[in-house]
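Structure record follows, encoded as structure tokens.
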Amino acid sequence: MEIASASEKISVQSADRLVPGGFWRRFLAVFLDGIIVAVVTVPVAMILGILVAFVAPDAALLVEAITRILNLVVVYFYYGHFYSTKGATPGKMVLNLRVINSETGKNLTYGEAFMREVFGKLISALPLLIGYIVAAFRDDKKAFHDMIFKTQVLQQEKN
């Protein structure tokens with residue numbers, strides 16, 4: 001079986017097969033990626049907050065806005081780069097997962113990755129994380145953000 005990607009074609013050995021990525025495996029991958037993103041954004045946001053506090057002590061709203069923008073920029077480049085070039089973020093790679101466009105079988109573009117990660121996951125989180133929980137009960141293991149943005153998380157499984 002082969003999956004075409006935007007930058008490469010992945011060949012899976014005949015003894016292996018691709019199956020939808022499981023709920024808990026996906027959960028752990030999101031957790032790992034969250035740690036990686038936080039390692040980048042939290043120290044920068046803290047330094048920025050300290051600097052702004054010295055210059056304009058009443059600028060808490062400005063610090064919050066800059067921190068949110070910084071987070072969006074990091075998300076855009078982190079997920080965009082890894083999904084478009086590798087088909088998976090480091091958290092997903094560790095757990096042998098891959099995210100593809102379910103209509104084309106190719107890696108996501110920067111725009112697709114950003115929309116899925118920011119807007120899609122926000123929708124999945126509301127209300128009460130139901131959009132994530134539904135993935136545990138579906139055969140294709142798709143969460144709301146996968147259905148909306150036509151993505152599929154796959155896991156390579158040994159037979």
Heavy atoms only: give me the nearest [X]-[Y] pair and the separation to one decimal.
X	Y	value
Ser124	Ala143	OG-CB, 4.3 Å
Lys141	Gly21	CB-O, 3.3 Å
Ser102	Gln152	CB-CB, 4.1 Å
Phe23	Ala135	CD1-CB, 4.4 Å

Could you list all the salt bridge (Lys or Arg N to Asp or Glu O under 4.0 Å) pairs where at least one residue sits in [range], not counting sequence neighbours?
range	value
residues 31-49	none
residues 109-123	Arg116-Asp146, Glu117-Lys121
residues 65-79	Glu64-Arg68

For the residue pair [X] and [Y], establish whether any side-chain heavy-atom pair is separated by less than 4.5 Å.
X	Y	answer
Leu97	Arg26	yes
Ile66	Leu62	yes
Leu154	Ile100	yes
Lys92	Leu32	no
Thr109	Asn101	no

Using the rule that Ile, Leu, Val, Met, Phe, Trp and Tyr join whenever any side-chain heavy atoms are under 4.5 Å apart, tell me whether [X] and [Y] fall into a single cluster.
X	Y	result
Ile36	Leu95	yes
Val44	Val73	yes
Phe31	Val153	yes
Val75	Ile123	yes
Val118	Ile69	yes

My understanding is that only residues two or more places apart in sequence, or in another chain, count here; which of them pass side-chain hydrogen bond (donor to acceptor under 3.5 Å, both in side chains) with Tyr79?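 Here no residue qualifies.
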Which residues satisfy the side-chain hydrogen bond (donor to acceptor under 3.5 Å, both in side chains) test with Asp140, sequence neighbours excluded?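 By the side-chain hydrogen bond (donor to acceptor under 3.5 Å, both in side chains) rule, Asp140 matches Arg138.
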Name all residues meeting the ring-ring contact (aromatic ring centres under 6.0 Å, His included) criterion together with [X]; count only those two or more places apart in sequence or in a different chain, and write none if there are none.
X	result
Phe119	none
Phe77	none
Phe82	Tyr78

According to side chain to side chain contact (heavy atoms under 4.5 Å, CB included), who are the partners of Met46, at least two apart in sequence or on a separate chain?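 Counting only residues at least two positions away or on another chain, Met46 forms a side chain to side chain contact (heavy atoms under 4.5 Å, CB included) with Val42.
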Partners of Val63 by side chain to side chain contact (heavy atoms under 4.5 Å, CB included), sequence neighbours excluded?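 If we apply the side chain to side chain contact (heavy atoms under 4.5 Å, CB included) test to Val63, skipping adjacent residues, the hits are Val52, Thr67.
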Under the salt bridge (Lys or Arg N to Asp or Glu O under 4.0 Å) test, residues paired with Lys142 that sit two or more places apart: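 If we apply the salt bridge (Lys or Arg N to Asp or Glu O under 4.0 Å) test to Lys142, skipping adjacent residues, there are no hits.
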Arg25: which residues meet the salt bridge (Lys or Arg N to Asp or Glu O under 4.0 Å) condition with it, sequence neighbours left out?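 Applying salt bridge (Lys or Arg N to Asp or Glu O under 4.0 Å) to Arg25 gives none.
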Criterion side-chain contact (heavy atoms from CB on, under 4.5 Å) on Ile133 and Leu128, from CA distance to verdict: CA-CA 9 Å; Ile133 295 168; Leu128 304 173; over 6 Å; no
Aromatic ring pairing Phe114/Tyr76, orientation class (parallel under 30°, perpendicular over 60°, tilted between):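 Answer is perpendicular, since the angle exceeds 60°.
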Taking atom CZ of Phe27 as the centre, does the number of heavy atoms from other residues, nucleotides or ligands within less than 6.0 Å exceed 12?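 It does not: Phe27 CZ has 12 such atoms or fewer within range.
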